[in-house]
Amino acid sequence: MKIALSTDERTDLVETLLKELNERHHTVEYIGPEAGEDADWPEVTCRAAELVASGAADEGIVMCWTGTGASIAANKVKGIRAALCRDAETAKGARIWNHANVLALSLQATSESVLKEILDAWFSTKFSDDEWNLKQIERIRHMETKLG
């Protein structure tokens, strides 16, 4: 699976995430600074989200200090359903009920062990396909079109 990964700061958590994604046999399109540099989170997040929305990447992972800004920025891109996840259960629910295609993470609040649990839940949980949940996702798509 091709993952668009963005961050505004290259921290140890980013290095761990890159290693984890590689070990899980994902291809990563990295969008962000190198060590010691920084970038503007709206810009790098938008580029990652656009890759997912266009189909150039299967899914995205966006990161900033709290994860909130990255999730807000990603959700501005049509077709993106970004979820800020601080634990595995939230990641699982975001996949099942929200069909989240972008995972937002906090650089500050996510430990390496919790990161691995979140990734396990994210990649192992399928989108729900029952009638009720599909209706909810269709409502979200309608809102995107209507509210633009």
Side-chain angles (χ1 to χ4, degrees), residues 1-129 133-134 136-137 139-141 143-144 147-148:
M1 179 181 301
K2 186 169 184 180
I3 308 294
L5 169 65
S6 70
T7 183
D8 61 343
E9 184 182 356
R10 187 95 180 228
T11 66
D12 289 342
L13 186 68
V14 175
E15 299 305 326
T16 300
L17 178 56
L18 287 165
K19 181 179 178 219
E20 278 293 316
L21 293 172
N22 182 52
E23 288 175 0
R24 294 166 190 251
H25 308 289
H26 297 292
T27 303
V28 176
E29 171 96 17
Y30 174 75
I31 303 158
E34 295 305 319
E37 299 174 351
D38 61 2
D40 292 329
W41 56 265
E43 291 180 1
V44 295
T45 300
C46 183
R47 291 200 333 250
E50 287 174 335
L51 288 173
V52 176
S54 72
D58 300 302
E59 296 183 0
I61 300 175
V62 297
M63 306 168 78
C64 67
W65 190 246
T66 65
T68 303
S71 67
I72 290 169
N75 279 316
K76 298 297 182 192
V77 176
K78 185 175 181 176
I80 296 303
R81 292 173 308 280
L84 175 56
C85 298
R86 294 210 171 197
D87 56 56
E89 281 304 306
T90 304
K92 183 177 177 181
R95 298 290 279 181
I96 293 171
W97 299 304
N98 310 123
H99 293 199
N101 55 6
V102 172
L103 171 63
L105 296 170
S106 167
L107 290 169
Q108 181 268 331
T110 309
S111 69
E112 289 186 14
S113 61
V114 170
L115 171 68
K116 292 174 186 179
E117 292 171 3
I118 290 170
L119 293 176
D120 287 344
W122 183 266
F123 291 121
S124 68
T125 305
K126 304 295 182 209
F127 294 169
S128 61
D129 60 1
N133 280 306
L134 293 175
Q136 307 318 306
I137 298 307
R139 286 181 169 151
I140 294 296
R141 288 188 183 115
M143 289 170 60
E144 280 182 333
L147 304 173

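All heavy atoms count here, side chains included; hydrogens, waters and symmetry mates do not.
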Using the side-chain contact (heavy atoms from CB on, under 4.5 Å) rule, take W65 and E9 through it: C-alpha gap first, then chi angles, then the decisive distance, then the call. CA-CA 8 Å; W65 190 246; E9 184 182 356; 4.0 Å; yes
Starting from the C-alpha separation in whole Å, work towards a yes-or-no answer on side-chain contact (heavy atoms from CB on, under 4.5 Å) for T7 and V44. CA-CA 7 Å; T7 183; V44 295; 5.9 Å; no
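Scanning for side-chain hydrogen bond (donor to acceptor under 3.5 Å, both in side chains) contacts around E15 gives R10, with sequence neighbours left out. By the side chain to side chain contact (heavy atoms under 4.5 Å, CB included) test, S71 is found to be paired with L84, A104, residues two or more places apart in sequence or in another chain being considered.
If you take CD on E117 and SG on C85, they are separated by 13.0 Å, rounding to the nearest 0.5 Å. For the atom pair S128 OG and H99 NE2, the distance stands at 3.5 Å (nearest 0.5 Å). Taking OG1 from T16 and CG from L119, the interatomic distance works out to 10.5 Å, rounded to the nearest 0.5 Å. With rounding to the nearest 0.5 angstrom, the CG atom of L13 is 5.0 Å from the CG atom of L115. The structure places OG1 of T27 at 10.5 Å from CE of M1, a figure rounded to the nearest 0.5 Å. Summarising the geometry, atom CD1 belonging to I80 is positioned 9.5 Å from atom CG belonging to L51; distances are rounded to the nearest 0.5 Å.
In plain terms, the two heavy atoms of A94 and A83 that are nearest each other are CB-CB, 3.5 Å. In terms of heavy-atom proximity, A73 sits nearest to W41 at CB-CZ3, 4.1 Å. Closest approach of E59 and W122 over heavy atoms only: OE1-NE1, 2.8 Å. Between R95 and A100 the shortest heavy-atom distance is NH1-O, 2.9 Å.
Side-chain atoms of F123 and L21, non-hydrogen and from C-beta on, do get closer than 4.5 Å to each other. You'll find the side chain of M63 stays beyond 4.5 Å of the side chain of T11, heavy atoms only. Between N22 and L18, every side-chain heavy-atom pair lies at or beyond the 4.5 Å cut-off. I96 is listed as a side-chain neighbour of T125, based on a closest heavy-atom distance under 4.5 Å. Residues N133 and D129 are not in side-chain contact: their nearest non-hydrogen atoms beyond the backbone lie 4.5 Å or more apart.
When each of L5, V28, I3 is paired with L17, the side-chain contact (heavy atoms from CB on, under 4.5 Å) condition holds for L5 and for no other. When each of I31, V77, V62 is checked for a side-chain contact (heavy atoms from CB on, under 4.5 Å) with R47, only I31 meets the rule.
Listed for the R86 side chain is no donor-acceptor partner under 3.5 Å among the backbone atoms of T110. In this structure a side-chain-to-backbone donor-acceptor pair under 3.5 Å is present from E144 to G79. Side chain of D8 to main chain of D38: no donor-acceptor pair is present (N/O by atom type, distance under 3.5 Å, no hydrogens or angles). Checked by atom type and distance alone, the side chain of D40 never pairs as donor or acceptor with a backbone atom of P42 at under 3.5 Å.
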